[in-house]
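First the structure, in the form of structure tokens, and then the observations on it.
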Amino acid sequence: MAKKKSKNNSKGQKQPALSPYRFMREKARTLPVGKCYIAPPDWLESGMAHIVVTRVRPSGNLVMASFLVDTFCLGVKDANYHENMTPSDFEEYLNNYRKGMGLEEISYNEAHNIIYGAIAFAEDGGIKPNKEFDPAGYILEEDTEDIPLIEYDFGKNGKHFLIVHPDKKEMPFYHILKKNLGDDFEFVIPYGDEDDEDDFEDDFEDDEYTPLSRIDSDTIKKALDGMLKMKQESDRHPDEEYTYQYPDYPQTLSVKNQFIADELLSPDNYSCLPREIIDRILALPKDEAAQDISNVILYSIGKTYKGINDDTIESWNNSAIMHSLILLAQLQSDKGLDAVLEIMRQTDEFADYHLGDLTPELLHPALYACGKDNITAIEAYLNQAGLDSYLRSQAPDALAMIIFNQPERRGEIIEVFRRLLNNMVSNLPVQRACDGTFAGFVMSNLMDIVAKELIPEIKATFATDCVNKTIAGGCKEVIRDIERGRGAISEYKYQIPDIYEQYESLKKFITKPE
């Protein structure tokens, strides 16, 4: 699994991948539609449906949007999205609904017609979708005649049916319906008198108030309560304090092959390296090329890390760090290891600036390629205190890659994970070289590699009560999935992609900043 923190871009800050908001608006509809789901199964009777729609990224990760739909009256009451969710994260997300509500897979056409049909019915009464529908709604196709029509019965007995709950957050909708429909709608105030509506001002602005009412389905309420508990669980696991002491990075760039530096640092190659340049670099002796690329990385870090950290950076109009990681993954030379690890010692803001949401797609393959024959260096990195948890989590990903690509080394890597877990038992309570979030990522890796050999150590780690359970689940869930031999939902994460296909995919999503 991979967690990506959302950061606000500073003035002039460059981010190779589109921001999540822009990605949804500009790119989501270009991706193929994936699976769709609805909960609870009796949504027609309850009047409340939680609908999940996915699209599939070239990496195998998912774009996911969920919509809370009131089919009786209010249309889309709430919406949220994730523009780059791993299949394992998505599976855990669905499990929350399977447990509390029941879940059914539906066709995209069904999801489309329920959502847009409920929106249209709500708008007949003057009620607009929740403001979060933009940009989550961009995962949906446009509502045109190209989508086969499926007719559903909205409302109750053909009329808008508004349920007002004890907190009375729905009362503004009563006024909207009254204004637009007169008395041609039904409503119920189960916990008070109809006269209570007089307690609200009539001159509120419709577009300034977007209420989210309580849910009238007990099963949906349980699911939302579960989400709140997940947030509370996540909040109780702060990140390890970042205390890295930066070395002196090179202020001048020295390379054997000057064209490598020129092409990687060129603004013209922001989104993609020309094929002839890729071929030329890969044709060099791999150690020679990797050393030059490493020098570009260290130079780029030195030129940007201070401005990123203190929010004063003006511009760095190239994608040298991104290109470097892609190339190092192909070269598979240990000459690139120190530079990759130095990227992983930076802040999350640094990764956000240079890689955006491509961070989990690019870092651990490069670390695997450069470090698969130097496990000692990777372990030393894992034991280094004061680093960013999200970037640190790329190291266990790289270790898992060894098992998937070199299965004969499984025993060796299992022992690395065993030492890591044993260290975390003592280090998690004091957040030294790990924290609860990082521990959760490690559990996800162990589920992917079906680490039955490590169940005692997994139990001991969870016994510290310092593992963030929102990432891979609790101890019982992790062990259950390992014992069932579920393994990685998508092994694409643990493969080095074809570089030409990778760049073709990236060109669709990377936009040069103005």
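Side chains are part of it too, since the values below use all heavy atoms of this structure and drop only hydrogens, waters and symmetry mates. Here the structure is a predicted model, which means the values were calculated and not measured.
Using a 4.5 Å heavy-atom cutoff, the side chains of L273 and L327 are in contact. Taking the side chain as every heavy atom from C-beta outward, R55 and L62 never approach each other to under 4.5 Å. Taking the side chain as every heavy atom from C-beta outward, V442 and V467 never approach each other to under 4.5 Å. Within the 4.5 Å cutoff, side-chain heavy atoms of K178 are placed close to those of D183. Taking the side chain as every heavy atom from C-beta outward, V63 and H82 never approach each other to under 4.5 Å. Between V69 and K77 there is no side-chain heavy-atom pair separated by less than 4.5 Å. Residues M64 and E83 have side chains not in contact (no heavy-atom distance under 4.5 Å, counting atoms from C-beta outward).
Neither side chain, N269 nor N318, offers a donor N or O lying under 3.5 Å from an acceptor on the other. For the residue pair H237 / D435, no side-chain donor-acceptor distance below 3.5 Å is found, with atom types taken as modelled. Between the side chains of S88 and E91, no donor-acceptor pair of N or O atoms lies under 3.5 Å. Checking Y494 against N445 by side-chain atom types alone, a donor-acceptor pair falls below 3.5 Å.
Heavy-atom neighbours of D498 CG from other residues, nucleotides or ligands within 6.0 Å: above the threshold of 12. Applying the 6.0 Å contact sphere to CD of E408 captures more than 12 heavy atoms from other residues, nucleotides or ligands.
With sequence neighbours excluded, the residues forming a salt bridge (charged side-chain N to carboxylate O under 4.0 Å, His left out) with E453 are R410, listed by chain and number. With sequence neighbours left out, Y81 forms a ring-ring contact (aromatic ring centres under 6.0 Å, His included) with no residue at all. Legend: residues meeting side chain to side chain contact (heavy atoms under 4.5 Å, CB included) with D153, ordered by chain and number and at least two apart, are absent. By the salt bridge (charged side-chain N to carboxylate O under 4.0 Å, His left out) test, E142 pairs with no residue at all, sequence neighbours left out.
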Inset, instruction - Apply ring-ring contact (aromatic ring centres under 6.0 Å, His included) to the pair Y174 and F185, showing each step before the final yes or no. - result: CA-CA 9 Å; Y174 171 87; F185 70 98; 5.7 Å; yes
Inset, instruction - Start with the C-alpha distance between D239 and S389, add both sets of side-chain angles, then the distance that settles side chain to side chain donor-acceptor pair (under 3.5 Å), and finish with yes or no. - result: CA-CA 7 Å; D239 293 339; S389 293; 4.6 Å; no
Inset, instruction - Determine, stepwise, if the pair F121 / H160 fulfils ring-ring contact (aromatic ring centres under 6.0 Å, His included). - result: CA-CA 8 Å; F121 183 75; H160 292 76; 3.9 Å; yes
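Between H354 and F350, the angle of the ring planes lies from 30° to 60°, which puts this pair in the tilted group. Aromatic ring orientation, H50 versus Y93: tilted (interplanar angle from 30° to 60°). Between H323 and Y503, the ring planes lie tilted relative to each other; the angle falls in the 30° to 60° range. The aromatic rings of W43 and Y152 sit perpendicular, their planes meeting at an angle over 60°, well past the 30° parallel limit.
Salt bridge E92/K469: absent, no basic N to carboxylate O contact under 4.0 Å. A salt bridge links D465 and R236; the closest N-O separation between the charged side-chain nitrogens and carboxylate oxygens is under 4.0 Å.
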Please list every donor-acceptor pair under 3.5 Å in which a side-chain atom of residues 360-371 meets a protein atom from a residue at least two apart or in another chain.
from, atom 1, to, atom 2, distance (Å)
H364, ND1, P360, O, 2.9
H364, ND1, Q394, OE1, 3.4
H364, NE2, K493, O, 2.8

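In this structure, the separation between CE on M48 and SG on C73 is 10.0 Å, given to the nearest 0.5 Å.
For the pair E477 (side chain) and G474 (backbone), a donor-acceptor distance under 3.5 Å is present.
Legend: side chain to side chain donor-acceptor pair (under 3.5 Å) pairs involving residues 113-127, not counting sequence neighbours: none detected.
The nearest pair of heavy atoms linking I496 to A329 is CD1-O, 3.4 Å.
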